[in-house]
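Quick note on labels: first sequence line is chain A, next is B, and so on, each numbered from 1. The model shown is predicted, which means the values in this text are computed figures rather than measured ones.
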Amino acid sequence: MRFNFIPIDFDYFDFEGENYVQLVGRNEEGEKICVIDSYESNFWVILKENADAEGIAAKIVKAKIIKPSRTTVVLKTEIYDKKFLGKDVKAIKIFITNHKDAHDIASEIGDIDEIWKRREYDIPIITKYIKEKKVQPLMWHDVEARELTDEDFNGINKKINLDKCYIAESIFLTEKELEFTPKILAYDIETSEREIGKGEISMVSLFGDNIRKVLTWKECESAGNYVEFFEDEKTMLKEFSKQVREANADILTGYFSDGFDLPYIKSRCDKYKMKLDLGTNGKNPSFNKGRIPSGKISGTVHVDLYRFINSVFSQYLQSETLSLDEVAKELIGETKEEFDFSKLSNMSDSDWGKFMSYNLQDSKVTHKLALKIWTDIFEFCKIIKEPLFDITRDSMATHVENHILHNLDRFNEVAEKRPGYSELQERKMKGKFGGALVREPKPGFYENIVMFDFTSMHASIIVSFNISRATLHEEESEDVYESPEFDLDNIPTKVYFDKKQGFFATLLSEVVDKRKKFKKEYAANKNAMTKARSNAYKLLANATFGYQGFFGARYYSREAAAATLAFVRKFTTDTIATIEDAGFEIVYSDTDSIAFLQNEKSVDDIMKFLKELNDKLPGIMELDLEDFYKRGLFVAKRSATKGGAREGAKKKYALMDSKDKIKIRGFETVRRDWCKLTRRLQSEMLEKILREGNEKAALILAKDVISKLKKREIDKNDLLIKTQLRRPLNEYTSQGPHVIAAKKIGETGIPIQVGMVIEYYIGEAKGKLVRDKVMLPNENVKYDINYYLNSQILPAIENIFDVFGVDIQGIVDGETQKTLF
DNA sequence: GGAGTTCGCATACC
DNA sequence: ACAGGTATGCGAACTCC
């Protein structure tokens with residue numbers, strides 16, 4: 001029979017030693033179905049020049065791996081003309097019975113002398129399947145298939161908990177435009193202890209299209225009507241599994257659920273020796289290891305929203321932390337409910353009622369958040385062509401790499417391998433290479449600043465000069481682009497790249513083009529889809545430069561990355577020189593942006609000048625107008641002095657644009673590790689200065705805050721300092737205040753985890769060091785006035801007043817004198 | 001043991 | 001291990017006499 005099908009979940013199984021891919025998705029009627037497809041595992045050997053391909057193939061066919069569970073053999077070989085890193089090669093495609101043994105078979109044939117390289121045995125089977133069969137996640141396909149019988153695959157039909165299972169005869173992308181909206185179910189648990197393995201689960205909430213409920217085994221008179229009660233934790237968890245299965249969702253989502261909710265539930269089920277049966281295969285979820293384990297459920301894609309937001313989406317966000325509360329506030333304008341967790345050890349009936357409501361709200365917020373960023377996840381899936389499960393967990397480097405892998409066939413390319421252990425060590429040993437330039441600003445208050453910037457500078461350079469590992473040459477010739485000279489390990493170096501475009505630059509140029517196209521489309525027709533598409537291509541383009549310098553990359557090239565940066569320096573430096581030659585004074589420049597004074601020149605003059613600059617740029621490089629800024633403030637560095645004079649601070653400025661919008665970079669205002677009092681005062685001061693054009697109003701603000709601080713009128717919440725723990729406590733060599741604060745928190749019984757944001761304030765206490773005065777928010781100790789004055793407020797405002805010749809320290813000292821007398 | 005310097009660390013910019 | 005380099009500035013840790 002023939003039907004339309006959209007694959008959502010990808011998995012595979014072995015039958016009689018061979019691999020089959022199992023797709024779960026929806027048909028056009030909206031039914032969740034399973035389609036099994038065969039896959040012939042294969043990998044490549046690339047031959048040395050003039051090798052006897054037939055002879056080698058004859059040897060390869062004999063390779064065999066015998067294991068207790070299975071025997072893997074070579075089924076057949078095929079000889080092809082292929083490309084490897086852009087060069088023509090003779091290659092043999094080796095088909096084997098089981099992909100799990102691809103690596104072992106590759107090792108076994110490793111001693112055949114005429115084999116140059118073995119490749120693609122290290123690509124996961126699902127990626128290989130998608131790449132070769134062109135079956136794309138979350139795209140509609142036209143499927144020719146027959147229904148599974150109970151005889152097929154030893155009766156797998158009965159083991160799959162779905163009404164309709166098929167075995168595919170053919171699967172092709174369909175031209176038909178069909179809609180797809182996933183069924184999303186969100187869940188969240190509440191527990192008595194935060195640590196997995198300790199404590200119990202008191203309740204679990206579910207929120208979806210037709211479901212909003214809390215399951216619990218705690219008694220509660222004041223609970224809302226959405227609560228269902230069970231006799232114990234075990235029964236509750238059993239019912240949770242049942243309801244998840246019956247909800248028949250495409251996606252089960254939580255927030256940090258890979259790291260908390262799912263493993264916690266699993267650990268409780270283990271304790272009761274009970275299966276956690278959430279999916280279609282009647283088995284426990286699988287947790288593949290990694291830094292954070294990933295919980296995979298068969299037939300329903302488990303999505304931990306936090307992970308996608310952390311690796312991909314966070315760049316769009318302003319939130320200082322990626323807590324559900326903050327992210328939800330920013331993206332959907334909804335917050336979590338408040339709940340006082342210190343009550344957990346002693347809960348009244350109404351506390352339980354509130355806790356249940358809190359629990360439900362978490363799932364509701366998670367569900368809304370999932371709907372909100374679904375478009376972005378969906379677009380990423382379609383562009384990268386990896387399954388939803390992986391798209392929501394992979395790093396940007398992996399996304400860039402997968403995007404390349406899934407497009408290599410267009411170039412007849414055999415994929416490069418992942419670096420092995422020793423190669424990784426070698427790459428890591430290599431030092432850094434020179435980066436971009438940042439120009440030192442002259443501290444001051446400026447009017448009418450023009451800012452130019454290069455659009456996607458690194459990407460446009462890579463495309464314009466065809467920069468990649470495969471197109472790199474050490475020597476000059478007629479057919480190459482020449483890099484500017486740059487230092488590599490203290491050696492002046494020049495490298496060259498083929499003029500004939502390679503696959504890396506071709507793919508990146510397509511990404512850049514699509515970004516431009518969808519940016520325009522978004523401008524003309526603002527909706528979530530056009531925005532998500534434009535953003536996804538932008539992220540992909542921006543991450544591509546970093547990919548070439550990333551030591552874990554298949555297409556790593558330190559020379560390519562270093563050369564890209566040499567071009568970046570050259571074009572920015574040259575452009576600055578041209579702007580200066582035209583008589584403008586440069587105010588500032590960082591990497592790909594240049595700010596200069598407009599002076600008496602008109603907007604038209606500037607735009608004409610910009611066009612002239614653009615006419616001289618090569619390839620797809622482009623200089624853009626960032627904005628005309630009405631006013632701008634640049635300050636001096638606090639510490640270092642150069643020959644007595646104060647140095648201008650880089651990466652620290654405040655601007656007001658043509659629409660009177662304020663843009664603050666680098667100042668304490670935007671740093672989360674400074675207390676609110678300081679940040680608020682500084683941002684209000686900058687705002688006054690930029691809007692009113694002088695420092696007088698700012699001085700009034702500062703004096704007021706200092707006076708309140710001295711009179712102890714400041715709320716303790718405004719004095720809390722937040723610092724993230726970036727490593728386990730025992731790995732710190734330096735015992736800074738936040739480390740001490742974390743240890744104090746640990747003593748209260750709360751488990752300390754990497755990534756936690758530690759909050760503390762500085763109070764009056766004996767001791768010389770700041771860490772001796774670290775207090776937790778709930779401690780009842782007076783705040784240290786001197787600390788907040790001398791180490792928070794003054795450092796943050798001094799350099800601003802310096803620009804206007806106001807000696808704030810002197811004024812503060814003067815006021816102190818006055819109050820003394 | 002105090003002053004000056006370096007180092008470790010977190011966070012920001014692009 | 002899970003994109004790169006450049007930069008500020010705190011507070012602890014170290015060096016020196």
Report yes if a side-chain nitrogen or oxygen of [X] is closer than 4.0 Å to either non-bridging phosphate oxygen (OP1 or OP2) of [N]; otherwise report no.
{"X": "A:Tyr787", "N": "C:dC10", "value": "no"}
{"X": "A:Arg671", "N": "B:dT11", "value": "no"}
{"X": "A:Lys650", "N": "C:dA7", "value": "yes"}
{"X": "A:Lys652", "N": "C:dT8", "value": "no"}
{"X": "A:Arg771", "N": "B:dG8", "value": "no"}
{"X": "A:Lys428", "N": "C:dA1", "value": "yes"}
{"X": "A:His738", "N": "B:dC9", "value": "no"}
{"X": "A:Arg665", "N": "B:dA12", "value": "no"}

Determine, for A:Phe389 and A:Arg393, whether the Lys NZ or Arg CZ falls below 6.0 Å from the six-membered ring centre while staying within 45 degrees of the axis.
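Because its charged atom sits under 6.0 Å from the ring centre and within 45° of the axis, A:Arg393 does stack over A:Phe389.
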Cation-pi between A:Arg727 and A:Tyr732: NZ/CZ under 6.0 Å from ring centre and within 45° of the ring axis?
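Yes.
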Could you write out each protein N or O paired with an N or O of nucleotides 2-5 of chain B at a distance under 3.5 Å?
none

Would you mind classifying the nucleic acid contact of [X] as base, sugar-phosphate or nothing, using non-hydrogen atoms under 4.0 angstrom?
{"X": "A:Leu769", "answer": "sugar-phosphate"}
{"X": "A:Phe454", "answer": "nothing"}
{"X": "A:Ala561", "answer": "nothing"}
{"X": "A:Gly435", "answer": "sugar-phosphate"}

From [atom1] of [X] over to [atom2] of [N], roughly how many Å is that when rounded to an integer?
{"X": "A:Leu539", "N": "C:dA3", "atom1": "CG", "atom2": "C1'", "answer": "12 Å"}
{"X": "A:Tyr421", "N": "C:dC2", "atom1": "OH", "atom2": "P", "answer": "15 Å"}
{"X": "A:Phe667", "N": "B:dA10", "atom1": "CZ", "atom2": "C1'", "answer": "19 Å"}
{"X": "A:Asp673", "N": "C:dC10", "atom1": "CG", "atom2": "C1'", "answer": "8 Å"}
{"X": "A:Phe551", "N": "C:dC2", "atom1": "CZ", "atom2": "C1'", "answer": "8 Å"}

Any carboxylate oxygen within less than 4.0 angstrom of a Lys/Arg side-chain nitrogen, looking at [X] and [Y]?
{"X": "A:Asp574", "Y": "A:Lys570", "answer": "yes"}
{"X": "A:Lys663", "Y": "A:Asp657", "answer": "no"}
{"X": "A:Glu120", "Y": "A:Lys128", "answer": "yes"}

Taking all non-hydrogen atoms of both residues, which atom of A:Ile762 and which atom of A:Tyr788 are closest, and how far apart?
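Scanning both residues completely, I find the closest heavy atoms to be N-OH, 3.0 Å.
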Of the non-hydrogen atoms in A:Ala560 and A:Ile467, which two are nearest, and what is the gap between them?
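The pair with the smallest heavy-atom distance is O-CG2, 3.4 Å.
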N/O donor-acceptor pair under 3.5 Å between A:Asp592 side chain and A:Asp453 backbone:
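Side chain of A:Asp592 to backbone of A:Asp453: no pair is present.
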Taking only heavy atoms on the protein side, list every residue of residues 717-734 of chain A lying under 4.0 Å from any atom of DNA chain B, sorted numerically.
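Under 4.0 Å from DNA chain B: A:Thr723, A:Gln724, A:Arg726, A:Arg727, A:Tyr732, A:Thr733, A:Ser734.
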Assuming nearest nucleotide by heavy-atom distance, tell me which of A:His458 and A:Leu437 is located more 5' along DNA chain C.
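Whichever sits nearer the 5' end wins; that is A:His458.
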Assuming nearest nucleotide by heavy-atom distance, tell me which of A:Phe550 and A:Gly434 is located more 5' along DNA chain C.
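Looking at DNA chain C, the more 5' nearest nucleotide goes with A:Phe550.
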For residues A:Tyr547 and A:His399, establish whether the separation of their ring centroids is below 6.0 Å.
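No, they do not, as the ring centres are separated by 6.0 Å or more.
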Ring geometry between A:Phe308 and A:Phe380 (parallel below 30°, tilted from 30 to 60°, perpendicular above 60°):
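Perpendicular: the ring planes of A:Phe380 and A:Phe308 meet at over 60°.
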